[in-house]
Each structure stands twice: as C-alpha cells, then as structure tokens.
Amino acid sequence: MSLYITTPIYYVNAQPHLGHAYTTIVADTYSRFRRLCKEDVRFQTGTDEHGDKIAEAARAAGIAPQEYADRISLLFQEAWPPFNIKPDTFIRTTDEHHIRTVQDILQKVYDQGDIYLGSYSGLYCRGCERFLTEKELVDGKCPDHQTAPQPISESNYFFRMSRYQDWLIDHIHKNPEFITPERYRNEVLSFLSEPLEDLCISRPKSRLDWGISLPFDADFVTYVWFDALINYLSGIGYPDGEEFAQYWAVAEHIIAKDILKPHAIYWPTMLKALGLAPYQRLHVHGYWNINEAKMSKSIGNVVRPETLRQDFGVDTVRYFLLREMSFGLDASFSDESIVARQNSDLANDLGNLFSRSLTMINKFAGGTVPSPADLEPQDKELAGAASHMVTAYTSHMQNFAFNRALQEVWSVISLANRYIVTSEPWVLAKEPSKTPRLNTVLYHLAETLRLIGLVLEPAMPETCIKMATALGISGDAHDKQNLVDHGCWGLTRPGVSIKLGASLFPRLDKKSKQPPQPSPTKKKQESPKGGIKEGSDAGLVSFDDFKRFDLRVAEIKAAEKINKSDRLLKLTVMAPDTRTVVAGIAEFYTPEELVGRQVIMVANLKPTKLMGVTSHGMILASKDEGGGLALSALTHGVPPGSKVS
RNA sequence: GGCGAUGUAGCUCAGCUGGUUAGAGCGCACGGCUCAUAUCCGUGGUGUCCGGGGUUCAAGUCCCUGCAUCGCCA
C-alpha cells in the first residue's frame, strides 16, 4: 500500500502560526505512522502565492509580488525542518511546472465545454479594488473607505460545477469515508441539497494581474481555486509523471474547516471534469483557540510555532497538539495547558517511568537487560496490555484519532508504573534468591518501554530515538523499526546493554495563576534568579504583569450610537488595523466630536459582545466624582497603533 | 431568517444501537513506598447528566419544547 498525503498550500499573506503547524504536524505524524507500517508514503506541503491580497501586500511593502512571495514562502519552508518535518515536496504556485499544469488543465476543461464566459455582478469598492459581500458592509458602506460600493457587473469565466452536483452527492453517499469526521460530511451534504452555482474562476487583468493567465483569453488571470487546488496534481507530475500514476489513486488531503467547501465540492467536481478519480479521503480538523479566544491578528494573540518550540521543545509541542485536540473539533491552547501536559504526561508518567526503569536495570542487573524467568499473572497482564496497545493504537491512528491513540499508550505507561510498585524490584534486589523474579520484572519493563518507544515514533520522533538508543537499539537498527516486524511482545534480546542518558523531559515550573489572555508572544521563561514573589505586595503588579497589557494609540475613524442603548457607542478605530470597539461614553460625547481623535486603547482585551456588537478593545477614560467623563488623550498626534508604555 | 451541532464533576472531556450504585485525566485532601525527574502507588468527596414536558417496566442515552453557545447557509 502507498499513501499520498497533503497539507493545504499555505497562503503567503501571513507567517506560519499554530494552525499551520498543527496541520503540518498531523500530516507528518500520519506519514510517519504509515511508514512505520512499512508503507510507501509521499508527503507534500507548499505555498499558495497568487491573488490580490499578495499583490496588495507587495505594493505596500514596495516590492514585486514575486519577491514578496519568495520571502514569505521561505518562512514556511524553513518552519518545518526544526519540527522534524521533512516533506517530500514543497510546491509553490509560482513554480513553472505548476503554472504550466494549471494552464493545461484550464485548456482541457475549456475545450470540453465546462468553462464558459459569463457575467459576474456584485458590489464593487474602488478603494478596496474588490467585490464586497453584503455582510461586510456597514450601513451600506465599505467599512474601510466609508463609501458606498458600486453595483457593477463584469465578464468572467465560469466553471460548470453544477453539472457534476448529482454525481458528487452520489459519490459522497457511496463512500462514507470520503469526508471525515462525519460532521463535515453532513455539512457538505446539507450544502449540496441546494442547487450549486457555477464557480467564477477568473479576474480581469485590469483589476488583478498577479496570477496565472488563462490560456484561452490573455485578458484574464485564474482566480484562486483553479490555481491553488491543482497543486495536488502538479506536485506529483500530472498528467504523465511516474509519481502521478503511482500516488494519485491513494491521495488523502488534510485541511482545516475554513476551506472545507473548496476541497469537498469544487475540487472533486474539477477532478471529475478532468476525468480523474477523486481523492480517497479528506480529513477536516477544527481551530485552535487561544485562551478561549479566536486566534487573530487584530487581537494580537497569534501563536508562533517557533516560539513554542524554543520554549518547550519539539516533541512536547507535537505531543501537546496531537493529544489535546480531538481531530475535527476545536481545541484550546494556553501556556498553562502545555505546561500541565509536559509535567504530568511527559515528565512524570513517561519520563519518570523511563528513568526509574533504566536506573534499576543499571543498578540491579549490571546494566544489561536480564532474561525473564517464570511468569506471574501481573507479568502476563503487562505483556498483554502492551500488545493490545499496539493494535488499539494502530486502529486509532488509521482513523485520525490521535488523542485516543496516545491515550492507549499512556494507559500502558500508567500500568507499568503500577507494575513497579506492586513488584517492588528494590525489595527483590536485596535477596539473592529472588534474582530470577527480579530479572523477569526488569525484562518486562525494558520490553514495555521498547514497544512504547516504537509506537510513539510518529508523534515524538526525537524522544523515541533517545529511548531506543538507551535500550540498545541505535542508528540503522532504529531506522528499520516498524510495526509489522517489531510490534509484538518479546523481541528484546536478553543481554543487550542499556545506556543511561539525560532525562527525556524536564519538569517545568508552574507559573503562578494567571488571568486568561496572557500575551502569547511573551517568553514564558522568567529568569529563575529573579526571586521576586508575586502577590506579596497587595495591590502592586510587577512590571512583567504590566507588560502583558498591549496599550495602543487608536485613532477614531467612525462613531455611531448603538440602538437601544443610552450609554454605548460603536467606534471604528485604526490602531493601525481597523477594528470595532464599543465604549460606554455616549452620555458624554457625540459621535461627531469623536471622529479624528486619538485615544489610548487596551488592544489585547478579550473580545466581548455588548448589545449585540463585538468589541475588540477598551478605550481608556476617567470618570470624575461629579459624574463627568474625560477621554484619554495624547499631547500631540502620533501614528495610529503606536505602543503606549 | 433556514439547516445543523453542542450543553455531563472545579477544569478538559468519554459515555456505541435506552438497562445494575454516571466514568477518565488534571486539580484538591489524606495515606503508602523510596527504584525514579519532590517523581510513583493507594484512598476520598462533590455531579437537579442545561430547564420543562412526553414515550417506556426502565432515559444522560429516544421524541417535543424553551434557553445558551457555536458552525454552515441566506
């Protein structure tokens, strides 16, 4: 069996964040798992580089789009190796080969009549240079430019997606695993219960020229999906590459839920139009919330994978992400929870089991794994549990239930810790007559650890190398380990020498209780020498605490009363991003006198809904005894978004 | 507005096709051990299983309804 696994290609309008890291780590873990099953795996990731957001960002940065794309793409290429992730291909939509493939496919689909010229109409904002949806409008105006968008219609090319709707519904019904988990399959089916509209796949070059030219009309470029999705084919050499022949039939895509529709609807219909079989499975995962808030640039709580890695180490991050999220559902990230996982699961349970077992083999058996003698029920129980772990783990991994697969391993770790307590090797070691019994116990521990180290390899490759090395399996022998040949009990050869090494995982100091919403960019490691006790001076906060507040200068761009409220005003501020803030100042200021003012805002306050409007920050003001109110202000104007400290 | 999901211990969650005193991990309290990374093991408590109604001999589990949160669509 082979496997072709992909992550989405990441859009180069942002740097890698926790979500990218999760998808990619899942893909890598699954790749490693299938390789551990002796299968042939091809793993692809990459970057998506065309489109108006990129053209715009490049313009803002004063460089060419290609240069901009090169820069950000490089950040993605460099992000993965430190996590022990080595994709077989890193594809870019600006690759020559990709561009040619997209054009070939467009021509083919056009020739067979599935692409036609039609007209597209919508509300167009000249300032934004794009169509806005009704939802984005504020009082019928563009929130960024305060102008009413023009209803215009323009010619564009469309893909006849609707033609394949019935086929797709049928395919999803006949293949229950086509889209998993089931909730997303249901969502897609529900969407498909309404007639599909054809898909607009072009943009006139007069508006956007950063894209792939349509081969049959040089006045247009391809828009988004007909470019991006095709990476899955161009990356393996469609139409006549050897790898395409080998891997397309076994393709599985991993995505986050925000791009479900393109992958579950556009992509299969595109493939059908091309006369290709659809992919095998689509695995859809949820979002990581940060301290219960959505991760977003405007809140300023974006978590960078590299920061995490430096703070916690690769395998702790990999383990945490796989263990904490139930694949398909949202999960929440916080420094506290990752510290808790590291301490309890990794340091106390696994690390300590490993350390105490090896120490005992070293002390009580001269540093070699002894031969087991007669078995007692508890030995059989442990061996049975370890064998069962391998099969249960395998089936959970197949189903993308990484958290459950890991739980299976931890139930054996916990059993092994109990096994030590009940068999008391340190007591056995004191009586020479008990040596055979002692040897049996030590052998069982070594063998259990070998199997644990074997199955944990996909999730924690680095740790497993350390474990295998300590147990006398090193280098080449370790690389050749697999579940098929080495997944059963009893393969450790008595007499093999163990090597003591450093602890697998250090225990981390628990940070003192924190209110939610710490600044995630902050380094978690305080100087251990600092020694300042927090909370000992009632009412005083440390400078570190203060630093967690992100205070910014916000310029008020628009203000309006919120219906049904006497006190609340809805403010649109620039800091420098545009965001909505609700302030309880309507009794003191009219909307008109506020526009243009600069005030001080708490920029990383957890968003909250007031009278139905979500507020992303808090404006600072002072209320005097007489009931008056004065807004915070600066002595002279500064660039919006400047930091206040 | 339409469709759907979710609501279970302080926290995070598991509870398949309805069936004995509702579970796990973390946290907390107490006890034990000393091989080990102040680790490990044992014991313990708390739950109107979101509210209300219904079906059934029996409902956290099915049906209706209300509330809350979230998602998709419009």
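In what follows, every chain begins at residue 1, and chains take the letters A, B, ... in the order their sequences are listed.
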Distance check, [atom1] atoms only: [N] and [M], in whole angstrom units.
N: B/A59; M: B/U48; atom1: C1'; value: 15 Å
N: B/G66; M: B/G7; atom1: C1'; value: 14 Å
N: B/A58; M: B/U21; atom1: P; value: 15 Å
N: B/G27; M: B/G42; atom1: P; value: 15 Å
N: B/G15; M: B/G23; atom1: P; value: 16 Å
N: B/U56; M: B/G18; atom1: C1'; value: 9 Å
N: B/C49; M: B/U8; atom1: P; value: 11 Å
N: B/C63; M: B/A74; atom1: C1'; value: 29 Å

Between [options], which nucleotide gets closest to the side-chain atoms of [X]?
X: A/Ser190; options: B/G42, B/U37, B/C3; answer: B/C3
X: A/Lys363; options: B/U34, B/A36, B/C40; answer: B/A36
X: A/Asn348; options: B/C35, B/A14, B/U39; answer: B/U39
X: A/Ser344; options: B/C26, B/C40, B/G42; answer: B/C26
X: A/Lys261; options: B/A14, B/C73, B/C40; answer: B/C73
X: A/Arg356; options: B/C26, B/C35, B/U39; answer: B/C35
X: A/Arg183; options: B/A5, B/C73, B/U37; answer: B/A5
X: A/Asn417; options: B/U37, B/C35, B/C41; answer: B/C41
X: A/Glu187; options: B/C72, B/A36, B/C41; answer: B/C72
X: A/Asn352; options: B/C40, B/G15, B/G42; answer: B/C40

Heavy atoms only, 4.0 Å cut-off, all strands: where does [X] land among base, sugar-phosphate and nothing?
X: A/Arg323; answer: nothing
X: A/Leu358; answer: nothing
X: A/Ala340; answer: nothing
X: A/Phe505; answer: base
X: A/Ser503; answer: base
X: A/Asp349; answer: sugar-phosphate

So A/Val302 and A/Leu18, do their side chains get closer than 4.5 Å, heavy atoms only?
no
Whole-Å distance between [N] [atom2] and [X] [atom1]?
X: A/Leu438; N: B/C35; atom1: CG; atom2: P; answer: 13 Å
X: A/Gln407; N: B/G23; atom1: CD; atom2: P; answer: 18 Å
X: A/Asn343; N: B/C11; atom1: CG; atom2: P; answer: 22 Å
X: A/Arg404; N: B/A24; atom1: CZ; atom2: P; answer: 16 Å
X: A/Leu260; N: B/G4; atom1: CG; atom2: C1'; answer: 13 Å
X: A/Glu408; N: B/A24; atom1: CD; atom2: P; answer: 16 Å
X: A/Trp288; N: B/U12; atom1: CH2; atom2: P; answer: 14 Å
X: A/Lys430; N: B/C35; atom1: NZ; atom2: P; answer: 6 Å

[X] and [Y]: side chain donor to acceptor below 3.5 Å:
X: A/Tyr10; Y: A/Thr24; answer: yes
X: A/Thr440; Y: A/Asp379; answer: no
X: A/Trp267; Y: A/His253; answer: yes

Return the minimal non-hydrogen interatomic distance between A/Pro181 and A/Gly328, and the atom names on each side.
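So the two residues come closest at CG-CA, 3.8 Å.
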Check whether any side-chain N or O of A/Arg507 sits under 4.0 Å from OP1 or OP2 of B/U39, and answer yes or no.
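For B/U39, OP1/OP2 do have a side-chain N/O of A/Arg507 under 4.0 Å.
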I want to check one thing: is the phosphate of B/G4, taken as OP1 and OP2, less than 4.0 Å away from some side-chain N or O of A/Arg185?
no
First of A/Ser355 and A/Glu194 reached from the 5' end of RNA chain B, by closest nucleotide
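It is A/Ser355 whose nearest nucleotide is closer to the 5' end.
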Relative to the 5' end of RNA chain B, which residue comes earlier, A/Leu504 or A/Val427, by the nucleotide with the nearest heavy atom?
A/Val427
Given the ring of A/Tyr287, does A/Lys257 sit roughly above its face, with NZ or CZ under 6.0 Å from the centre of the six-membered ring and within 45° of the axis?
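That pair qualifies as a cation-pi contact.
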Strictly by Watson-Crick or wobble contacts shorter than 3.5 Å, is anything paired with [N], and which nucleotide is it?
N: B/C49; value: none
N: B/G25; value: B/C11
N: B/G71; value: B/C3
N: B/C57; value: B/G19

Please confirm whether A/His17 and A/Tyr22 have ring centers closer than 6.0 angstrom.
no
Could you check, using the six-membered ring where one of them is a Trp, whether A/Tyr319 and A/Trp410 have ring centers closer than 6.0 angstrom?
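Ring centroids of A/Tyr319 and A/Trp410 are less than 6.0 Å from each other.
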